[in-house]
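Working notes, structure below.
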Amino acid sequence: MKTKNFLILLLTALLLIGSQLASAQLPKETEAQKTQRLKWWTDARFGMFIHWGLYALPARHEWVKNNERLTNEQYQKYFETFNPDLYDPHEWAKMAKAAGMKYVVLTAKHHEGFCLFDSKFTDYKATNTPYGKDLIKEYVEAFRAEGLKVGFYYSLIDWHHPDYTVDRVHPQRQDSDTAYARLNKGRDMNKYREYIKNQVTELLTNYGEISVIWFDFSFPGKNGKGHDDWDSENLLKLTRKLQPGIIVDDRLDLSNVEGGYDFVSPEQVKVSKWPEINGKRVPWETCQTFSGSWGYYRDENTWKSPAQLLELLIESVSKGGNLLLNVGPTARGVFDIRAQDRLKSMGDWMKFNNRSVYGCTEAPAGFTPPANTLLTYNPVSKRLYVHLLVYPMGNLTLPAMADKVKYVQFLHDASEIKFSTGKDENKNDLNLQLPVQKPPTEIPVLEVILK
Ligand code: GLC
């Protein structure tokens, strides 16, 4: 009898532990299901990032509070002055769409802690500035109206919240453990973790379908913060519960957890090849700025040219990735004229060449790009795209492709490109006869229709 009771007890205990473990898991999904959930995003290839907050006023980097080690009191003047009177997200959305972008991610809250949305859990928000309105609501509606998928960036880091402990990337960072301990006395990260969940709940409940969320960022180690500090796993579960289709970045410090992220996010770098984790290619998106800063930076002048920006986009697609290109609107609420110019140039190119971007990916093995070209490939239409970064003089050889090619044309005007095949050992080479003059498009594209 005793053993029977004991066994029943043991079984109940095991069942209890089992159910707790199960509830601690993120939703399971097969590789194919994940590919399907991400399909709109991998097809889109090109999105707009928007960094906007109080830092648009100092106009010298979104990290200004940190870089200049400003206190909340010193930073307060920006809150009291914030009034983007020209804010018209419909204009923004039109520019994004015209540039060829298919989705958008806006900073609902950046590291400074200021909320663009009307959160119930803080006073530090747009509705309490002279502007007085919820900027997120207007944004969501405007971009949706233009047919873009809408996303949020949410900073895990918070340099304003009273319970957020001072760490090594905080404006009030310290030199010694005792100084940290003194400053952090009374700060309660439990409350801050609650705050994150409350705000994420607001963002993912009050604004309709949200397609992407960008949590930013973890920096584990001494005086740093990682998944335990954010309670990342539960935060992610909450996110997936509220918006089952949402696509999530990889900055929650959950790289070792199954389902802990959807894509990797190399920032401001050109990857050398399609990123892999444990030997497997993973979805990826590079985020990039027009110039050095994410927030509006008046005096920063290292702006990339339209050709460089297009190259970034094509380069990403050629390795199976996306580009999230950032705009930092001014404190009046408009896009910097330099950003407008570049968006316009990209749009001019995309209008005639977007077939080499949407739905495209890395070319299959066996297609070797000639010098100064980038290849992309559409696996559905089975067309190969050759991007001519440097326009060749009269002819171009596509090596070892003759047996695969049916027809070649310029993409921008669908004009035929005549070709001949090589001789002897080069007989599988395809020699294209290109016009001497570079066509009037920033980066000419050859569309190769395969057999
Ligand atoms: C970094 C920066 C931040 C920017 C982000 C974009 O993590 O802290 O300012 O928002 O990258 O990827």
Side-chain angles (χ1 to χ4, degrees), residues 41 46-70 75 78 101 103-116 136 139 151-161 164 166-171 173 196 199-200 203 212-221 223-227 229-230 232 247-255 261-271 275 283-297 300 302 304 309 312-313 316 321-329 336 339:
W41 182 86
F46 190 23
M48 176 179 275
F49 217 173
I50 306 177
H51 275 67
W52 201 34
L54 298 181
Y55 44 78
L57 286 145
R60 48 182 192 274
H61 207 282
E62 78 283 357
W63 275 58
V64 59
K65 188 176 186 187
N66 185 299
N67 294 343
E68 299 178 14
R69 297 193 162 211
L70 305 176
Y75 207 71
Y78 305 126
M101 292 157 161
Y103 62 104
V104 59
V105 179
L106 167 67
T107 51
K109 177 189 94 166
H110 202 260
H111 308 336
E112 63 178 3
F114 175 68
C115 297
L116 270 54
I136 292 286
Y139 149 81
F152 293 137
Y153 167 110
Y154 183 84
S155 175
L156 301 164
I157 296 170
D158 196 312
W159 298 330
H160 182 268
H161 196 284
Y164 184 92
V166 174
D167 54 41
R168 67 169 193 266
V169 298
H170 194 280
R173 61 195 165 276
I196 300 184
Q199 290 208 318
V200 167
L203 287 170
V212 177
I213 191 154
W214 247 84
F215 292 113
D216 199 39
F217 64 92
S218 301
F219 48 108
N223 298 317
K225 286 189 172 74
H227 53 86
D229 300 283
W230 321 124
S232 292
I247 299 179
V248 187
D249 73 337
D250 64 339
R251 297 188 179 185
L252 282 167
D253 187 27
L254 291 177
S255 304
Y261 64 93
D262 286 323
F263 65 91
V264 297
S265 58
E267 176 178 328
Q268 303 281 51
V269 289
K270 240 184 189 181
V271 302
W284 68 278
E285 172 192 75
T286 181
C287 50
Q288 301 271 348
T289 54
F290 285 124
S291 68
S293 158
W294 299 88
Y296 173 60
Y297 199 134
E300 216 275 324
T302 61
K304 299 175 185 82
L309 293 162
L312 268 177
L313 172 63
S316 302
N322 286 18
L323 171 66
L324 190 65
L325 187 57
N326 180 75
V327 182
D336 184 334

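Here the structure is a predicted model, which means the values were calculated and not measured. Hydrogens, waters and symmetry mates play no part in the numbers below; they use all other heavy atoms, side chains included. In listed order, ligands and their atoms are each counted from 1.
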>> Tell me the nearest of Gln288, Glu267, Glu62 to atom 12 (O) of ligand 1, using heavy-atom distances.
In response: Glu267

>> For atom 10 (O) of ligand 1, what's the nearest protein heavy-atom neighbour? Residue, atom name and distance, please.
In response: His51 NE2, 2.5 Å

> Any idea which atoms of ligand 1 are less than 4.0 Å away from a heavy-atom of Cys287?
Replying inline: 12 (O)

> Which atoms of ligand 1 sit under 4.0 Å from any heavy atom of Tyr153?
Replying inline: 10 (O)

>> Looking only at distances, can you tell me whether any N or O atom of Asp216, backbone or side chain, sits closer than 3.5 Å to an N or O atom of ligand 1?
In response: yes

> Which atoms from ligand 1 have a heavy atom of His110 less than 4.0 Å away?
Replying inline: 3 (C), 4 (C), 9 (O), 10 (O)

>> At under 4.0 Å between heavy atoms, is it the side chain or the backbone of Thr107 that contacts ligand 1, or both, or neither?
In response: neither

> Where the side chain of Thr107 meets the backbone of Trp52, is there a donor-acceptor pair that is under 3.5 Å apart?
Replying inline: yes

> Taking all non-hydrogen atoms of both residues, which atom of Phe219 and which atom of Asp167 are closest, and how far apart?
Replying inline: CZ-OD2, 3.3 Å

> Where the side chain of Asp253 meets the backbone of His227, is there a donor-acceptor pair that is under 3.5 Å apart?
Replying inline: yes

>> Less than 4.0 angstrom from a charged side-chain N to a carboxylate O is my criterion; do Glu68 and Arg60 meet it?
In response: yes

> For ligand 1, which atoms have a heavy atom of Trp63 less than 4.0 angstrom away?
Replying inline: 2 (C), 3 (C), 8 (O), 9 (O)

> Closer than 4.0 angstrom: is that true for some heavy atom of His111 and an atom of ligand 1?
Replying inline: yes

> Is the shortest side-chain N to carboxylate O distance from Asp158 to Lys109 below 4.0 Å?
Replying inline: yes

> For ligand 1, which atoms sit closer than 4.0 Å to a heavy atom of Trp214?
Replying inline: 12 (O)

> Any sub-3.5 Å donor-acceptor pair from Gln288's side-chain atoms to Leu325's backbone N or O?
Replying inline: no

> Step by step, would you call Tyr164 with Lys225 a side chain to side chain contact (heavy atoms under 4.5 Å, CB included)?
Replying inline: CA-CA 11 Å; Tyr164 184 92; Lys225 286 189 172 74; 3.5 Å; yes

